*Asks:* 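Mind having a look at this structure? Questions to follow.
Quick caveat, the model's predicted, so the values are computed rather than measured.
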Amino acid sequence: MINPHRALFPCLDQMIKGNPLVYLDNAATTLKPQVVIDQITHHYSKMTANVHRGVHTLSTEATAQYEATRTLVKEFINASSEKEIIFTKGTTESINLVAQSLTSGKFLSPGDEILVSRMEHHSNIVPWQLILERSGAKLIEIPITQNGDIDQEAFLQLLGPKTKMMAVTHVSNSLGTVNPIKKMIAAAKSHGALTLIDAAQSIAHTPIDVQDLNVDFFCFSGHKMYGPTGIGILYGKEELLDKMPPYQGGGAMIKTVSFEKTTFNDLPEKFEAGTPHISGAICLKSAIEFIQNIGFEEIARIENNLTNMALAELRQIKKLRLIGNPEKRACVISFFIDGAHPHDVGTLLDQQGVAIRTGHHCTAPLMDFYGIPATCRASFAIYNDESDVEKFLVALHKSLELL
């Protein structure tokens with residue numbers, strides 16, 4: 001059955017090396033629906049203006065649309081206030097903002113421990129490493145099981161009076177593991193630790209309620225949820241953001257400036273220095289509304305069906321090793337072909353119009369854990385259908401014959 005959502009994505013209407021495009025690289029970035037593309041075009045053709053700085057019509061209209069997105073994001077993740085929604089470039093900048101600001105604000109002391117899991121994206125490892133020398137804190141690895149789940153018993157044993165921050169991914173971008181973040185947040189907070197969740201891989205696939213999670217910081221990117229690149233969100237509890245110093249200095253994040261002293265603006269502007277990605281923020285609203293109109297129940301139905309279909313067939317292929325068998329999996333599948341480098345597999349699939357991701361997926365410590373240099377990764381989205389899976393499998397078998 002043809003997926004009715006496919007027609008909403010113009011990028012799919014093209015040939016790649018003589019074959020219809022099969023796009024299975026959604027964990028890297030999603031394609032954009034026409035409604036988002038139209039909004040981008042409308043913004044730059046009809047309402048280009050800076051925000052928060054002008055009294056003329058275009059500026060006031062742009063400001064209203066920009067702030068309307070903030071309000072929608074607040075509702076989308078059930079934050080308690082628009083002040084808790086900070087616009088950033090993406091998940092990476094959101095995590096860096098928290099790490100740098102906590103250090104500057106003396107939230108971290110020598111000997112404090114920051115817990116991250118073995119499956120983290122580099123964006124949830126490197127920002128913490130950058131502040132270790134300045135803060136005197138230590139980065140502690142939460143181990144994982146061979147199946148690709150966080151070792152919950154080991155995690156609980158690592159928690160203690162020195163634990164200052166637990167920062168983990170909601171969904172692994174390499175394995176598809178869905179971590180029990182609510183339970184982990186509660187455990188960390190019982191020891192007085194702050195908590196941060198990287199939701200880059202979950203935000204477009206499952207409903208989120210930050211108040212129910214009781215999480216302190218929650219980060220995600222627009223481009224993985226059918227929105228533009230270069231725009232993302234940091235959610236932070238208002239009482240924490242109020243105490244944290246600004247991450248960057250410049251226009252908009254100040255109240256007064258003199259050569260003697262600068263006073264900073266209130267939330268959320270305190271963390272939004274300079275001219276923001278205005279079109280990105282405005283178009284993020286269209287992307288969120290697009291997700292809401294389809295509904296998470298429909299999204300889960302499509303993605304779970306395709307994931308299960310692909311897994312069942314991949315398990316039948318000799319020399320193919322699935323990497324990770326988590327207790328709960330999102331729509332991400334990583335595999336390794338014995339005797340073949342993932343890049344070669346990916347290149348042969350591309351020759352047949354099938355786009356997957358190959359590499360370490362910015363999770364080098366995870367690849368080291370499994371003793372492999374890289375994997376092939378297929379990931380699904382709402383515009384994929386069973387014919388995509390079938391074409392992928394046919395192309396994969398043909399590639400294996402060539403290899």
Side-chain angles (χ1 to χ4, degrees), residues 5 8-11 26-52 58-59 61-79 81-97 123 170 197-210 217-236 252 267-269 271-296 299 381-383:
H5 307 301
L8 304 176
F9 292 83
C11 191
N26 297 287
T29 196
T30 53
L31 305 181
K32 317 309 170 193
Q34 189 65 54
V35 65
V36 171
I37 297 169
D38 289 344
Q39 182 62 63
I40 294 172
T41 302
H42 175 72
H43 172 79
Y44 283 119
S45 61
K46 295 294 184 182
M47 55 176 296
T48 298
N50 214 325
V51 294
H52 300 149
L58 290 181
S59 178
E61 288 182 356
T63 299
Q65 292 200 27
Y66 181 82
E67 291 301 327
T69 300
R70 198 189 308 272
T71 298
L72 181 59
V73 172
K74 173 223 164 198
E75 296 167 353
F76 187 60
I77 63 173
N78 194 33
S81 169
E82 285 88 351
K83 295 179 180 180
E84 298 179 324
I85 306 301
I86 311 297
F87 288 120
T88 65
K89 290 190 298 184
T91 307
T92 298
E93 187 180 40
S94 296
I95 297 172
N96 275 275
L97 188 162
S123 295
H170 189 180
I197 298 298
D198 170 358
Q201 295 295 335
S202 64
I203 191 66
H205 308 281
T206 188
I208 297 295
D209 186 331
V210 293
F217 303 102
F218 193 83
C219 315
F220 58 92
S221 302
H223 73 98
K224 294 182 191 290
M225 55 187 302
Y226 312 105
T229 54
I231 189 70
I233 298 295
L234 167 64
Y235 158 82
L267 293 174
E269 287 84 2
F271 290 105
E272 295 180 4
T275 299
H277 185 8
I278 300 167
S279 67
I282 291 173
C283 296
L284 179 59
K285 181 173 182 287
S286 297
I288 292 174
E289 290 171 339
F290 177 79
I291 290 173
Q292 290 176 322
N293 288 336
I294 293 175
F296 283 115
I299 291 171
I382 56 172
Y383 38 71

*Asks:* Test Phe9 against Gln34 for side-chain contact (heavy atoms from CB on, under 4.5 Å), laying out the working first.
*Replies:* CA-CA 6 Å; Phe9 292 83; Gln34 189 65 54; over 6 Å; no
*Asks:* Looking only at heavy atoms, which two atoms of Ile40 and Cys283 are closest? And how far apart?
*Replies:*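 For Ile40 and Cys283, the tightest heavy-atom pair comes out as CG1-SG, 3.2 Å.
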*Asks:* State, with a plain yes or no, whether a side-chain heavy atom of Leu72 is found less than 4.5 Å away from one of Gln292.
*Replies:*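 Leu72 reaches Gln292 side chain to side chain.
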*Asks:* Measure the spacing between CZ of Phe76 and CD of Glu289 and express it to the nearest 0.5 Å.
*Replies:*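 Spacing of CZ (Phe76) from CD (Glu289) equals 11.0 Å.
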*Asks:* Are the side chains of Leu58 and Thr48 in contact, using a 4.5 Å heavy-atom criterion?
*Replies:*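 A side-chain contact is absent here, since even the closest heavy-atom pair is not under 4.5 Å.
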*Asks:* Can you name the closest pair of heavy atoms from Pro228 and Val36 and give their distance?
*Replies:*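 Pro228 and Val36 have their closest heavy atoms at CD-CG1, 4.5 Å.
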*Asks:* Does the side chain of Glu269 pick up a donor-acceptor pair with the side chain of His52 at under 3.5 Å?
*Replies:*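 No pair is found: no donor N or O on one side chain lies under 3.5 Å from an acceptor on the other.
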*Asks:* Flag the pair Phe271 / Leu234 as yes when at least one side-chain heavy-atom distance between them is below 4.5 Å, and no otherwise.
*Replies:*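 Contact flag for Phe271/Leu234 side chains = no.
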*Asks:* Mind checking the OH-OG1 spacing from Tyr226 to Thr29? Nearest 0.5 Å is all I need.
*Replies:*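 Result: 10.5 Å between the selected atoms.
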*Asks:* What are the two closest non-hydrogen atoms of Lys32 and Ile37, and how far apart are they?
*Replies:*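 For Lys32 and Ile37, the tightest heavy-atom pair comes out as O-CD1, 3.7 Å.
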*Asks:* Measure the shortest side-chain to side-chain distance between Cys219 and Tyr235 over non-hydrogen atoms and say whether it is less than 4.5 angstrom.
*Replies:*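 They are not in contact (no side-chain heavy atoms under 4.5 Å apart), so the answer is no.
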*Asks:* On a heavy-atom basis, which atom in Tyr383 and which in Leu31 lie closest, and how many Å separate them?
*Replies:*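 The pair with the smallest heavy-atom distance is OH-N, 3.0 Å.
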*Asks:* I need the minimum non-hydrogen distance between Leu284 and Met225, along with the two atoms involved.
*Replies:*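 Taking every non-hydrogen atom into account, CD1-SD, 4.1 Å.
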*Asks:* Please report the shortest heavy-atom distance between His223 and Ala28, naming the atom on each side.
*Replies:*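 Reported closest heavy-atom pair: CE1-O, 3.1 Å.
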*Asks:* Under 4.5 Å between any side-chain heavy atoms of Val35 and Gln39, yes or no?
*Replies:*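 No, every pair of side-chain atoms sits at 4.5 Å or beyond.
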*Asks:* Answer yes when Lys46 and Glu61 have at least one side-chain N-carboxylate O distance shorter than 4.0 Å, and no when they do not.
*Replies:*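 No.
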*Asks:* Between Met47, Gln65, His43, which is the residue that forms a side-chain contact (heavy atoms from CB on, under 4.5 Å) with Ile278?
*Replies:*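 Exactly one pass, corresponding to His43.
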*Asks:* Test Glu272 against Arg70 for salt bridge (Lys or Arg N to Asp or Glu O under 4.0 Å), laying out the working first.
*Replies:* CA-CA 13 Å; Glu272 295 180 4; Arg70 198 189 308 272; 2.7 Å; yes
*Asks:* Any chance you could measure Thr229, atom OG1, to Lys224, atom NZ, to the nearest 0.5 Å?
*Replies:*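 Taking OG1 in Thr229 and NZ in Lys224, the distance rounds to 11.5 Å.
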*Asks:* Determine whether the aromatic ring centres of Tyr66 and Phe87 lie less than 6.0 Å apart.
*Replies:*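 Ring-ring flag for Tyr66/Phe87: true, centres closer than 6.0 Å.
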*Asks:* Quick check: does any side chain N or O of Thr30 sit under 3.5 Å from a backbone N or O of Asn26, one acting as donor and the other as acceptor?
*Replies:*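 No: the side chain of Thr30 does not pair with the backbone of Asn26.
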*Asks:* Please assess Ile197 against Phe217 for the test side-chain contact (heavy atoms from CB on, under 4.5 Å), listing each intermediate value before the final yes or no.
*Replies:* CA-CA 6 Å; Ile197 298 298; Phe217 303 102; over 6 Å; no
*Asks:* Should Ile77 and Ile203 be marked as a side-chain contact (heavy atoms from CB on, under 4.5 Å) after you check the CA-CA gap, both sets of side-chain angles, and the distance that decides it?
*Replies:* CA-CA 9 Å; Ile77 63 173; Ile203 191 66; 4.1 Å; yes
*Asks:* Indicate yes or no for a side-chain donor-acceptor contact from Thr63 to the backbone of Ser59 under 3.5 Å, with no hydrogens or angles considered.
*Replies:*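 Confirmed, Thr63 side chain pairs with Ser59 backbone.
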*Asks:* When rounded to the nearest 0.5 angstrom, what is the spacing between CD1 in Ile299 and NE2 in His5?
*Replies:*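 Interatomic distance, Ile299 CD1 to His5 NE2, rounded to 0.5 Å: 8.0 Å.
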*Asks:* Give me the one residue out of Thr92, Thr88, Thr91, Asp198 that meets side-chain contact (heavy atoms from CB on, under 4.5 Å) with Ser221.
*Replies:*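 With Ser221 as partner, side-chain contact (heavy atoms from CB on, under 4.5 Å) holds for just one option, Thr91.
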*Asks:* Could you point out which residue of Ile233, Thr69, Leu267 forms a side-chain contact (heavy atoms from CB on, under 4.5 Å) with Ile85?
*Replies:*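 One option only clears the test, and that one is Ile233.
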*Asks:* Stepwise, does the side-chain contact (heavy atoms from CB on, under 4.5 Å) test hold for Ile208 with Asn78?
*Replies:* CA-CA 7 Å; Ile208 297 295; Asn78 194 33; over 6 Å; no
